[in-house]
Engineer: 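Just dropping this structure here.
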Number of protein chains: 2
Amino acid sequence: MEDCLFCKIVNGEIPCDKIYEDEDFLAFLDISPMYYGHTLLVTKKHFKDISEVPFEILSKYLNIANLIAKALCKTLDVEDYNIRINKGKSAGQIIFHVHLHILPRMRGDACLNNFKYKDLEKKKLLSKIKENLI
Amino acid sequence: MEDCLFCKIVNGEIPCDKIYEDEDFLAFLDISPMYYGHTLLVTKKHFKDISEVPFEILSKYLNIANLIAKALCKTLDVEDYNIRINKGKSAGQIIFHVHLHILPRMRGDACLNNFKYKDLEKKKLLSKIKENLI
């Protein structure tokens with residue numbers, strides 16, 4: 001879809017820190033992470049929000065999210081994570097192309113504020129996550 | 001599983017404000033709602049958390065969640081909702097039987113604090129939600 005940030009990322013017009021890709025989904029690091037390793041899992045096809053995703057793609061969504069979450073946890077040596085989906089503006093959705101947030105969590109952590117990864121750190125992180133994707 | 005609150009609810013040992021039931025899932029109103037209409041969707045079989053749910057059941061989870069979310073939204077005349085899954089204590093999981101939170105949202109709402117439904121209000125709410133489940 002024209003003028004959709006995530007469609008541009010899916011099409012390679014805008015770069016991303018890619019973690020995972022298959023025929024239906026693309027996962028990449030959030031550029032403004034709420035927690036270290038915060039990852040977005042988007043559908044390749046444009047759907048405005050979760051309510052529009054058809055049965056077949058929706059069926060795979062949590063399975064892929066779990067796969068990525070486990071790789072993130074192994075990489076960061078943590079055990080816990082949140083999965084969050086916001087449908088609509090009042091629910092906190094900002095980009096209107098469906099996406100699922102995967103947030104690795106650790107005891108006593110706090111929400112990050114304006115955090116940016118350093119280049120080398122990000123390169124190592126992405127490489128480790130990909131190794132840990134089973 | 002013995003001593004599991006949600007297993008007791010699934011087995012009918014502890015009552016709940018039931019919204020939906022099929023062979024794999026049960027949905028009911030959260031007794032301490034974060035937002036009006038806050039609903040929990042649990043698997044009937046005991047799994048400690050989302051990481052343990054097998055492919056087949058996980059494949060249905062978001063489809064059922066969307067179905068319920070749409071019925072909640074229609075009932076409450078709102079359009080938006082959050083879907084949240086907390087895996088593990090550090091991620092805010094309190095009951096260790098997998099559950100998905102469905103939170104209807106409206107513009108400018110705020111998280112509820114110690115809110116309890118009145119009996120008649122709850123009865124009407126449940127009846128309307130069930131009517132709106134397509």
Side-chain angles (χ1 to χ4, degrees), chain A residues 34-38 41 43 47-74 76-94 96 98-111 134, chain B residues 34-38 41 43 47-74 76-94 96 98-111 134:
Chain A
M34 290 174 62
Y35 294 93
Y36 199 90
H38 180 176
L41 177 58
T43 58
F47 302 104
K48 193 181 62 175
D49 58 48
I50 194 76
S51 74
E52 291 195 344
V53 182
F55 185 87
E56 203 191 323
I57 295 178
L58 205 55
S59 299
K60 301 175 192 167
Y61 218 158
L62 281 183
N63 283 295
I64 304 295
N66 251 350
L67 181 87
I68 295 166
K70 286 171 187 176
L72 286 168
C73 285
K74 193 171 176 192
L76 301 173
D77 197 20
V78 301
E79 291 188 351
D80 298 343
Y81 54 91
N82 300 114
I83 290 176
R84 293 184 191 165
I85 303 166
N86 303 326
K87 190 272 174 199
K89 203 172 170 183
S90 301
Q93 186 175 4
I94 297 167
F96 286 85
V98 65
H99 54 290
L100 179 154
H101 298 263
I102 305 167
L103 307 163
R105 300 293 304 274
M106 67 184 77
R107 195 174 158 196
D109 60 5
C111 194
I134 311 155
Chain B
M34 289 174 62
Y35 293 93
Y36 199 89
H38 179 176
L41 177 60
T43 58
F47 301 103
K48 193 181 62 175
D49 58 47
I50 194 76
S51 74
E52 290 195 344
V53 182
F55 185 87
E56 204 191 324
I57 295 179
L58 205 55
S59 298
K60 301 174 191 167
Y61 218 159
L62 281 183
N63 284 295
I64 303 295
N66 251 351
L67 181 86
I68 294 165
K70 286 172 188 176
L72 286 167
C73 285
K74 194 172 175 192
L76 301 173
D77 196 20
V78 301
E79 292 188 351
D80 298 344
Y81 54 91
N82 300 114
I83 290 176
R84 292 184 191 167
I85 302 166
N86 302 327
K87 189 273 175 198
K89 203 172 172 182
S90 302
Q93 185 175 4
I94 297 168
F96 286 85
V98 66
H99 54 289
L100 179 154
H101 299 263
I102 305 167
L103 307 163
R105 300 293 304 275
M106 66 184 76
R107 194 174 158 195
D109 60 6
C111 195
I134 312 154

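Just so it is clear, the model here is predicted, and its values are computed rather than measured. Below, read A as the first sequence line, B as the second, and so on, with proteins coming before strands; counting in each chain starts at 1.
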Engineer: When rounded to the nearest 0.5 angstrom, what is the spacing between OG in B:Ser90 and CZ in A:Arg107?
Structural biologist: 7.5 Å
Engineer: Heavy-atom pairs under 4.5 Å with chain A - which of B:Val78, B:Val53, B:Leu58 has more of them than the others?
Structural biologist: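 Sorted descending by pairs with chain A, the first entry is B:Leu58.
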Engineer: So how far is it from B:Asn63 CG to A:Leu62 CG, rounded to the nearest 0.5 Å?
Structural biologist: 9.5 Å
Engineer: Can you find a heavy atom in the side chain of B:Lys70 that is under 4.5 Å from one in the side chain of A:Ser51?
Structural biologist: yes
Engineer: Which of residues 81-89 of chain B have a heavy atom under 4.5 Å from any heavy atom of chain A?
Structural biologist: B:Tyr81, B:Asn82, B:Ile83, B:Arg84, B:Ile85, B:Asn86, B:Lys87, B:Gly88, B:Lys89
Engineer: Around atom CD of B:Glu79, are there more than 12 heavy atoms of other residues, nucleotides or ligands at under 6.0 Å?
Structural biologist: no
Engineer: So, B:Lys60 side chain and A:Ser59 main chain: donor-acceptor pair closer than 3.5 Å or not?
Structural biologist: no
